[in-house]
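Values below: every heavy atom of this structure, side chains too, minus hydrogens, waters and symmetry copies.
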Amino acid sequence: MMEVLPRAVTDGLEGLTRGNDLAQTGEVMQAVSIAQICDAYQIDEERTMETIEQLVRFGADGTASVGEFVAIEIAAALGISPGSAIGRIADVLNVRDRHPVLWEAVLAGRIRFYQAVGVATECAKLSATDVADVDAKCAQALGQWPWARVLKELPGWIIAADPAAAEAREVLARKERKVHVTGIKDGQIGVFARLNPADGMAFEAAISGIAARLPVQDLPGDVAALVLNDTEAQRVGLNARRAAAMGELARSVFGQDVLPVRELIVTIDAAQIPLTDQDGQELTGAARVQRWGDILANRLPELLAGSRVIVRPVIDPSSLGAIDAHDPTAAMRLALNVRDPYCVGPFGSTPARACDADHTEPFIEGERGQTRLPNLGNLSRRIHRSKTARKVRVEQVSPGTFHWKYRSGLEFLVTAAGTIRLNTLIPLPPQQEPPPVKPYTDPSPDDPAWDQLPNRTACWADPQLLALVS
């Protein structure tokens with residue numbers, strides 16, 4: 001007899017199933033709502049140049065154009081950045097406007113919305129006409145194949161839909177050959193490359209050859225503690241030697257033992273520095289390496305070994321006075337970026353170095369002392385433009401604290417710690433149908449026209465006459 005699961009487990013499974021159903025329903029509601037918002041959102045085309053708002057197409061070929069600032073409203077409602085909202089809009093419109101079969105499958109609950117988005121994203125390179133062929137094949141396959149098989153067949157369908165475009169993409173991919181080195185994450189740097197096949201194979205051979213010649217070393221104690229068995233230890237050790245081989249390969253090009261030195265700007269808090277120089281004391285917390293990311297502060301000696309280190313204390317913002325020019329000074333901009341490391345719009349994620357230094361109270365030519373830290377904030381270009389167009393309003397209630405108000409009624413408080421939603425949307429009461437309006441006005445009681453009406457009693461025999469006097 002099969003063992004029966006405990007009641008707590010079956011209750012948990014039931015809750016999991018119910019939660020999954022609710023999540024799918026929520027996905028559909030969000031997708032339908034975004035489509036509804038995009039369809040209903042309007043811009044004043046006569047004032048387009050004045051308000052700077054334009055109709056744009058966030059999705060692929062064949063999708064509807066929408067007012068560009070609709071992304072700001074959707075971002076505020078969902079608690080995401082405007083850039084992420086643009087991605088959500090593109091996903092919805094790509095599926096609805098280019099893949100009607102997948103859209104119907106999403107609405108019917110046969111597939112999840114994210115699955116349809118995956119197909120739409122892969123097909124974004126196809127024209128609106130060619131993508132219809134892929135959508136038709138999906139329609140046939142959905143009723144017969146599991147979703148995993150549909151995904152495996154999808155690349156072939158995309159090529160078959162437009163072979164010439166597939167060849168052009170291959171040429172473009174050759175143009176996009178590159179090597180990309182990421183920022184620091186968990187104390188490591190990632191490397192991604194797109195290479196000529198012959199170069200890629202040669203690189204693999206070089207790395208493998210150098211790694212084979214490097215001495216096998218015992219794993220550090222903290223790493224060895226995470227290794228389960230000898231087989232995994234061998235794999236981890238080999239991967240570490242292959243990673244070290246990339247540094248050896250780079251050094252060999254320059255004929256030296258040390259890689260070329262580049263300027264690194266490292267930021268740490270003064271509180272992280274030991275107050276004494278006793279042996280064994282280390283930096284604590286995290287250090288930020290500009291452009292690369294965060295690293296454990298106690299790893300800085302390893303990172304900066306052999307480097308010339310210059311210590312520059314961060315400028316005290318209170319020491320910076322107001323200026324009359326529009327653009328802040330270099331010192332003021334540095335202090336602003338330290339105070340506001342990211343866009344100060346709600347849920348902003350754009351780094352300060354890519355933001356505009358916006359005057360919270362608009363700059364007026366000729367007035368003195370407008371450019372000062374309490375009147376500056378880092379804004380991404382998109383939300384800066386929407387503020388300039390007065391689609392959103394902001395007040396800097398104290399230096400670095402911003403109160404935002406949206407046309408939808410949503411309000412947010414943005415500080416260095418993040419975004420706080422101050423209220424929620426209050427549903428509007430349903431619109432009442434206006435009472436029917438008579439297409440005519442009754443004459444006054446003493447009007448002779450009343451004497452010309454037919455006898456109502458005599459009209460019962462004739463339905464047409466009855467309709468006239470009813």
Practice prompt. Locate the shortest heavy-atom distance separating Arg421 from Gly79; write the atom from each residue and the value.
Written response: NH2-N, 3.7 Å
Worksheet item: Can you tell me how far the CD atom of Glu367 sits from the CG atom of Asp324, to the nearest 0.5 Å?
Response: 10.5 Å
Worksheet item: Any ring pair (Phe, Tyr, Trp, His ring centres under 6.0 Å) pairs touching residues 343-395, not counting sequence neighbours?
Response: His326-His359, His326-Phe363, Phe347-Phe412, His359-Phe363
Discussion item. Which heavy atom of Ala161 sits nearest to which heavy atom of Val134, and what is that distance?
Written reply: CB-CG2, 4.1 Å
Fill in: Whether over 12 other heavy atoms sit under 6.0 Å from Arg57 CZ
yes
Fill in: Pairwise side-chain contact, Trp157 with Cys123, heavy-atom cut-off 4.5 Å (strictly under)
no
Item to complete: Kindly give the heavy-atom pair with the smallest separation between Tyr41 and Gly67, and that separation in Å.
Response: CE2-CA, 3.8 Å
Fill in: Residues in side chain to side chain donor-acceptor pair (under 3.5 Å) contact with Asp133, at least two apart in sequence or another chain
none
Practice prompt. Salt-bridge test for Glu248 and Arg241: reply yes if a basic N is under 4.0 Å from a carboxylate O, no otherwise.
Written response: no
Item to complete: Return the minimal non-hydrogen interatomic distance between Arg98 and Ala124, and the atom names on each side.
Response: NH2-CA, 3.8 Å
Practice prompt. Just jot down the side chain to side chain donor-acceptor pair (under 3.5 Å) partners of Arg96, sequence neighbours excluded, or say none.
Written response: Asp39
Practice prompt. Any chance you could measure Ile383, atom CD1, to Ser81, atom OG, to the nearest 0.5 Å?
Written response: 10.0 Å
Discussion item. Around atom CZ of Phe402, are there more than 12 heavy atoms from other residues, nucleotides or ligands closer than 6.0 Å?
Written reply: yes
Worksheet item: Hey, are the side chains of Cys343 and Leu379 touching, using non-hydrogen atoms and a 4.5 Å cut-off?
Response: yes
Worksheet item: Looking only at heavy atoms, which two atoms of Asp97 and Ala64 are closest? And how far apart?
Response: OD2-N, 3.0 Å
Worksheet item: Any donor and acceptor pair, going by atom type alone, linking the side chain of Thr419 with main-chain N or O of Pro346 inside 3.5 Å?
Response: no
Practice prompt. Please step through side-chain contact (heavy atoms from CB on, under 4.5 Å) for the pair Leu172 and Lys175, ending with a clear verdict.
Written response: CA-CA 5 Å; Leu172 180 61; Lys175 174 179 173 292; 4.1 Å; yes
Discussion item. I'd like to know if the side chain of Trp103 and the backbone of Ala116 have a donor-acceptor N/O pair within less than 3.5 Å.
Written reply: no
Worksheet item: Where the side chain of Thr63 meets the backbone of Ala60, is there a donor-acceptor pair that is under 3.5 Å apart?
Response: yes
Worksheet item: Nearest 0.5 Å, what's the CG-CZ distance between Asp356 and Arg381?
Response: 4.0 Å
Item to complete: Go through the structure and list residues passing side chain to side chain donor-acceptor pair (under 3.5 Å) with Arg18, not counting sequence neighbours.
Response: Glu14
Discussion item. Would you say that more than 12 heavy atoms from the other residues, nucleotides or ligands in this model lie under 6.0 Å from the CD of Gln188, or not?
Written reply: no
Worksheet item: Taking only residues two or more places apart in sequence, or in another chain, which ones meet Glu73 in a side chain to side chain donor-acceptor pair (under 3.5 Å)?
Response: Arg407
Worksheet entry | Nearest-0.5 Å distance that lies between atom CZ in Arg339 and atom OG1 in Thr401 | 8.0 Å
Worksheet item: Do Leu151 and Val119 have side chains that get closer than 4.5 Å, going by heavy atoms?
Response: yes
Fill in: Thr17 side chain reached by Asp21 side chain, heavy atoms, under 4.5 Å
yes
Item to complete: For the pair Phe69 and Ile43, evaluate side-chain contact (heavy atoms from CB on, under 4.5 Å) and give the outcome as yes or no after the intermediate values.
Response: CA-CA 9 Å; Phe69 294 153; Ile43 67 173; over 6 Å; no
Discussion item. Check this for me, if you would: do Glu153 and Lys137 make a salt bridge, where the nitrogen-to-carboxylate-oxygen distance has to be below 4.0 angstrom?
Written reply: no
Discussion item. With side chain to side chain contact (heavy atoms under 4.5 Å, CB included) as the test, pick out the partner of Arg88 among Ile80, Leu93, Val117.
Written reply: Ile80
Item to complete: Quick one: do Val92 and Phe113 satisfy side-chain contact (heavy atoms from CB on, under 4.5 Å)? Show the steps, please.
Response: CA-CA 9 Å; Val92 170; Phe113 179 66; 3.8 Å; yes
Discussion item. Quick one, Pro399 and Leu373 - any side-chain contact, counting heavy atoms below 4.5 Å?
Written reply: no
Worksheet item: What pair of heavy atoms forms the shortest contact from Leu376 to Asp340, and how long is it?
Response: O-OD2, 4.3 Å
Worksheet item: Where the side chain of Glu68 meets the backbone of Gln54, is there a donor-acceptor pair that is under 3.5 Å apart?
Response: yes
Fill in: Step-by-step side-chain contact (heavy atoms from CB on, under 4.5 Å) determination, Leu16 to Asn20
CA-CA 6 Å; Leu16 180 63; Asn20 183 69; 5.8 Å; no
Worksheet item: Heavy-atom distance under 4.5 Å between the side chains of Asn378 and Asp358, does that happen here?
Response: no
Item to complete: May I have all residue pairs that pass salt bridge (Lys or Arg N to Asp or Glu O under 4.0 Å) and include part of residues 111-123, sequence neighbours excluded?
Response: Glu27-Arg112
Discussion item. To the closest 0.5 Å, what do you measure between CG (Leu102) and CG (Leu107)?
Written reply: 11.0 Å
Worksheet item: Heavy-atom distance under 4.5 Å between the side chains of Asn423 and Leu410, does that happen here?
Response: yes
Practice prompt. With salt bridge (charged side-chain N to carboxylate O under 4.0 Å, His left out) as the test, would you mind laying out the steps for Arg242 and Glu204 before giving the verdict?
Written response: CA-CA 10 Å; Arg242 285 174 59 84; Glu204 165 63 21; 2.8 Å; yes
Worksheet entry | Short side-chain to backbone donor-acceptor contact, Asn94 and Gly59, under 3.5 Å | no
Practice prompt. Answer yes or no: is there a side-chain heavy-atom contact under 4.5 Å between Cys38 and Ile89?
Written response: yes
Practice prompt. Please round to the nearest 0.5 Å and tell me the distance separating atom CZ of Arg393 and atom NZ of Lys405.
Written response: 9.0 Å
